[in-house]
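Chain A is the first sequence line, chain B the second, and so forth, proteins listed ahead of strands; every chain is numbered from 1. What you are looking at is a predicted structure, and each value in this text was computed from that prediction instead of being measured.
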There are 2 protein chains.
Amino acid sequence: MGVMERVSTRKKAVADSGVRLPLDRILMDDCVAAMASLPDKSIDMIFADPPYNLQLGGDLLRPDGSQVDAVDDDWDKFDSFAAYDKFTKAWLKEARRILKDNGTIWVIGSYHNIFRVGAAIQDEGYWILNDIVWRKSNPMPNFKGTRFTNAHETLIWASKSEKARYTFNYRAMKTLNDELQMRSDWLFPICGGQERLKRGGVKVHPTQKPEALLYRIMLACTKPGDVVLDPFFGTGTTGAVARRLKRHWIGIEREANYIEAAQERIEAALPLDESAVVTMQSPKAQPKVPFGALIETGMLKPGALLMDSKRRWRATVRADGSLEAEGATGSIHKLGATLQGAPSCNGWTFWHFEDADGLKPIDALRQNYILATEP
Amino acid sequence: MGVMERVSTRKKAVADSGVRLPLDRILMDDCVAAMASLPDKSIDMIFADPPYNLQLGGDLLRPDGSQVDAVDDDWDKFDSFAAYDKFTKAWLKEARRILKDNGTIWVIGSYHNIFRVGAAIQDEGYWILNDIVWRKSNPMPNFKGTRFTNAHETLIWASKSEKARYTFNYRAMKTLNDELQMRSDWLFPICGGQERLKRGGVKVHPTQKPEALLYRIMLACTKPGDVVLDPFFGTGTTGAVARRLKRHWIGIEREANYIEAAQERIEAALPLDESAVVTMQSPKAQPKVPFGALIETGMLKPGALLMDSKRRWRATVRADGSLEAEGATGSIHKLGATLQGAPSCNGWTFWHFEDADGLKPIDALRQNYILATEP
DNA sequence: CAGCCTTCTGAATCAACGT
DNA sequence: TACGTTGATTCAGAAGGCT
C-alpha cells in the first residue's frame, strides 16, 4: 500500500471500464487532474478539506498565473472570489462524476470559504443532507478582542442527488452517543499532542484534522471495504482512519513533504480487529420474519387473541397469518392501521399477546424466532 | 410607538437629507420597497431572518403517528435557486445602502439557504466578521432515523466593509460568559412556553425566534439609542428585545396578522433595568460525555478489554461504543445490567480497564475527557 | 402541594422493497 | 415508474391531570 505515483494520463476514464482503482495509494498530482484519471461512479465517499482562505497560500492564482495581491479593494475582492468559485466548481464537478450514485461527499471549511462551497455544492446538483458543526474544545482565542472567538468549523454532508439511497449507520451513531440520536453539533479538541505530526518540533501541516472527526464520519457514512477518496490529502488523516476502520482509501496531494509524512503515518496505523470494527446494526439488517412463520412453528396458535398495549382493540389470529377484528381483516400492519384510522402501523410493536407476566408485543416472539433459527 | 403604516412612496430617500426615520414602528410593505424609503447610511444594525426556502416534500409523521406541523407558508416558496438568489441579492443590496458605514448586519438561516446568503453577502461587498452557531438545546428529532438531528442554525455577522470600525462590546460578552471570551457557538432553547405567541392555542408564526438570541446580538453589537432594523419582522422579537434594551427599532412586515401580534407584544415589553439583563442568559451546558467519545478521541481503543472490579465479567469495546461479552452486546450500561441480571447498571463505575497500576473504572477516563474538552 | 404520568410539539429538504 | 405492502422511527420541555 501507499506507493506514491504520478498520474501521467489526463485522459478521462470510461465508466466502469475495468480500470483498476489505485486503492490505498496517494496520487501525487493536482486534485482535478488526478480525479480525472478515475472512472465514473467508482467512489463510495469523498472527504474534502479544500484550501480555506482566499488571501493566504499560493493556491489561488489568476488565470494568467500572477499571484492575487493582498485584497483591499472591491475589484480585487471580486476577482479572488471568482477565482475561488471557479476552482471550487471544477473539483466538485469532477468529484460528482467519480462518486457512485449512492455515494456521499463531505466538505469542511470556515466562514471564509464554506458559503461559497455550499452554494456550489447545491449548484452542481448535490443534495445537502446535513451541515455539521465541529465545535472546538480548545480553539485559538481572539487575541485582539474584536470578535467572537472563532470556535468552530462547518462541514457539509451531501448526496449525489435528492433521491439517492446513501449509507447512514443510524444505529452506530446512536450507540456512539449513549442511545441518543447523534446531533449536528460535534465537540472535539483540535489536533495536537501525540497525534500532531511534527518534524524537528515544527508541525508538518498547518491544518491537520483530528482523527476523531474522520472516525465519526466514516463510521456514520461508509461500510467496511468501501472506497474513501480525499482530494486534499495533506498528511493523510483520512488514510490513517480508513485503514484502522478497514475502509479503502485514495489520497490526492501535490506536495511531496506532506505525502512523505502521510505514508509513514498510515503505515503505522494498524487495522482494528474484525470484531472491534463491527457496529450495532439496525433491525433492518436482520432477517425478515413473516408473521405467518410464528403460526407455522407453533409460537402462536390460530384463534389466539391479540390486543394493543391499552387493550382498546382485540383481534383474532387466523390460520393464514391474517387478523380479524370488529368484522375487519388484514395483515398485522394493515389491520392495526385500519382500526386506528392511521395511514400506517407497525403491527409488530402494536399487537400484544398475554402470558403469565402480562402483555408483551409480538415483536418479542419475532426475536425468539430469529434466535431459534439463526444459523 | 408602533403605529402601523403603509409606505406609500417608492422614491429613494436622499442620504441624510433630514428625512425622519420611522423609529419604533412597523412598516407594512415588501422589504425591499420599505427599505427603499429609508435614507442612506441611517441604520446601526440590521437583523434579518429571511425565508429559508425549505423545499419540503410530503407529510412527515412522528413514530406515534402524529403529523409534524411543517412550514408550508407561501412566503417560503421560491421557484428555483436562481429566484432565491435574486431575492437575496436585492434585499442585501438595499440593506447595505441604508446601513451606516460602521453598522453591521446579522442574518440567520439553515443549510437550506445560508450558503447562498453567505456567498451573496460576500459578493455584495460586506465583510464577514463571524459565523455563529445557534445550538438548540431541544431540537426536533430526526423521526425517520435517516440523518443527523438537525440541531442548530447558523448566523452570519458582517460589517459593511473590511475597514469598518464596527461596535463590539467585548467586555460585556466576556462578562456574560464567566470571564471567558464569548465563543462562536451559542446554546439556547427554541422558542416555546410563555414566550411563544399563540392565538386560540395555535402558534401565530411558524418560526418565531427566541428573545435570548436577540438579546445577545444587541448587547454585543449595538449601543443604547442605536437604530436596529428588521426587514423580516414577523411577530417582532427584534422590536421587543430592542425596547427592553433601550434601542430604537424599525420593523418591516407584509402580513397584517403578524403585525398585529407584534404590536401587542412590543407594547407589553417593558424596558429593563440594566442589571436585569444578565439574568436572562441561559446557563452553561453541563458536560455530558457519551462513552463513544472516549473511543473517537483515542482514550480507549476498539478491541480493548474491560472488566468489572472483581474480574467476573470481561467485555470487548467495539468501534461504535457498544460492548460485546458472552454473545451479548449493548451500551456500557445495558450490558452491565444484562450480565448481572440487574434492572440497571452504571456502566461508568461498573466497567474497568487495566493499566500498569491495576484496574481503574472507565469513569476516570471520562473525567480526563471533561478536563481536556471543557471549553 | 409534591410528585408522577400523559400528551403535545418544534424552520424537517425524514423509507425501502417488490410487483 | 407507479403503486401497494411491510415495518422502522423521537428528544426536550411545557402543560395539564391524577394520586
Describe the nucleic acid contact of [X] in one word from base, sugar-phosphate, nothing, applying a heavy-atom distance below 4.0 Å.
{"X": "I332(A)", "result": "nothing"}
{"X": "P210(B)", "result": "nothing"}
{"X": "N177(A)", "result": "nothing"}
{"X": "S110(B)", "result": "nothing"}

Handout entry: Positions of residues 136-150 of chain B (non-hydrogen atom under 4.0 Å from DNA chain C), listed by number
Key =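 The answer is N138(B), P139(B), M140(B), P141(B), N142(B), F143(B), K144(B), T146(B), R147(B), N150(B).
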Problem - Near-strand residues of residues 160-174 of chain A, defined as heavy-atom separation under 4.0 angstrom from DNA chain C - result: R165(A)
Completion exercise
Classified by glycosidic angle (syn within 90° of 0, else anti), dT13(C) comes out syn
Exercise for the section: Under 4.0 Å from any atom of DNA chain D, heavy atoms only: list the residues of residues 58-89 of chain B that qualify, in numerical order. Expected result: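 Within this stretch, P63(B) sit under 4.0 Å of the strand.
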Handout entry: Nucleic acid contacts - residues 190-205 of chain B versus DNA chain D, non-hydrogen atoms under 4.0 Å
Key = G193(B), Q194(B)
By side-chain hydrogen bond (donor to acceptor under 3.5 Å, both in side chains) - contacts of [X] (at least two apart):
{"X": "E354(A)", "value": "R311(A)"}
{"X": "K100(A)", "value": "D44(A)"}
{"X": "R196(B)", "value": "none"}

Handout entry: C1' spacing across the pair dT6(C) / dT10(D), given as an integer number of angstrom
Key = 16 Å
Problem - Inter-nucleotide P distance (dG7(D), dC14(C)), Å rounded - result: 23 Å
Fill in the blank from the handout: For I128(A) and G118(A), the nearest pair of non-hydrogen atoms, with its separation, is CD1-O, 4.4 Å
Check nucleotides 16-19 of chain D against the protein and report each pair of N or O atoms closer than 3.5 Å, with its distance, or say if there are none.
none

Problem - For chain B, the stretch of DNA chain C it reaches, first to last nucleotide, under 4.0 Å of its heavy atoms - result: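 On DNA chain C, the outermost contacted nucleotides are dT9(C) to dA15(C).
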Practice task
Please state whether the phosphate of dA8(D), meaning OP1 or OP2, lies under 4.0 angstrom from any side-chain nitrogen or oxygen of R366(A).
Solution key: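 So the side chain of R366(A) is within the cut-off, an N or O lying under 4.0 Å from OP1 or OP2 of dA8(D).
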Taking only nitrogen or oxygen atoms into account, show me every contact under 3.5 Å that the protein makes with nucleotides 4-6 of chain D, one pair per line with its distance.
| residue | atom | partner | partner atom | Å |
| --- | --- | --- | --- | --- |
| dT6(D) | OP2 | S331(A) | OG | 3.1 |

Practice task
With pairs defined as Watson-Crick or G-U wobble and both distances under 3.5 angstrom, please note down DNA chain C as a dot-bracket string, | for pairing with another strand.
Solution key: .|||||||||....|||||
Practice task
Flag yes if more than 12 heavy atoms outside R199(B) fall under 6.0 Å of its CZ atom; otherwise flag no.
Solution key: yes
Practice task
For atom CD of Q67(B), decide whether the heavy atoms of other residues, nucleotides or ligands shown that lie under 6.0 angstrom number more than 12.
Solution key: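 Yes, because the 6.0 Å sphere around CD of Q67(B) holds more than 12 heavy atoms from other groups.
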Do any side-chain atoms of residues 343-350 of chain A form donor-acceptor pairs under 3.5 angstrom with protein atoms, and if so which ones, sequence neighbours left out?
| residue | atom | partner | partner atom | Å |
| --- | --- | --- | --- | --- |
| N346(A) | OD1 | W348(A) | N | 3.0 |
| T349(A) | OG1 | N346(A) | O | 3.2 |

Handout entry: CG on N142(B) to CE on M182(A), rounded to 0.5 Å
Key =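 Spacing of CE (M182(A)) from CG (N142(B)) equals 13.5 Å.
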Exercise for the section: Say whether, by atom type as modelled, one donor and one acceptor occur between the side chain of N113(B) and the main chain of N53(B) under 3.5 angstrom. Expected result: no
Problem - Lys NZ or Arg CZ of K136(B) over W134(B) ring: under 6.0 Å, within 45° - result: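 Satisfied, under 6.0 Å and within 45°.
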Practice task
Examine R254(B) relative to W75(B) and say whether NZ or CZ is less than 6.0 Å from the centre of the six-membered ring and inside a 45° cone about the ring axis.
Solution key: no
Exercise for the section: Answer yes or no: is there a side-chain heavy-atom contact under 4.5 Å between Y126(A) and L99(A)? Expected result: yes
Practice task
Check each of K160(A), R96(A), K93(A) against E124(A) using the salt bridge (Lys or Arg N to Asp or Glu O under 4.0 Å) test, and report the only one that passes.
Solution key: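 Only one of K160(A), R96(A), K93(A) forms a salt bridge (Lys or Arg N to Asp or Glu O under 4.0 Å) with E124(A), namely K93(A).
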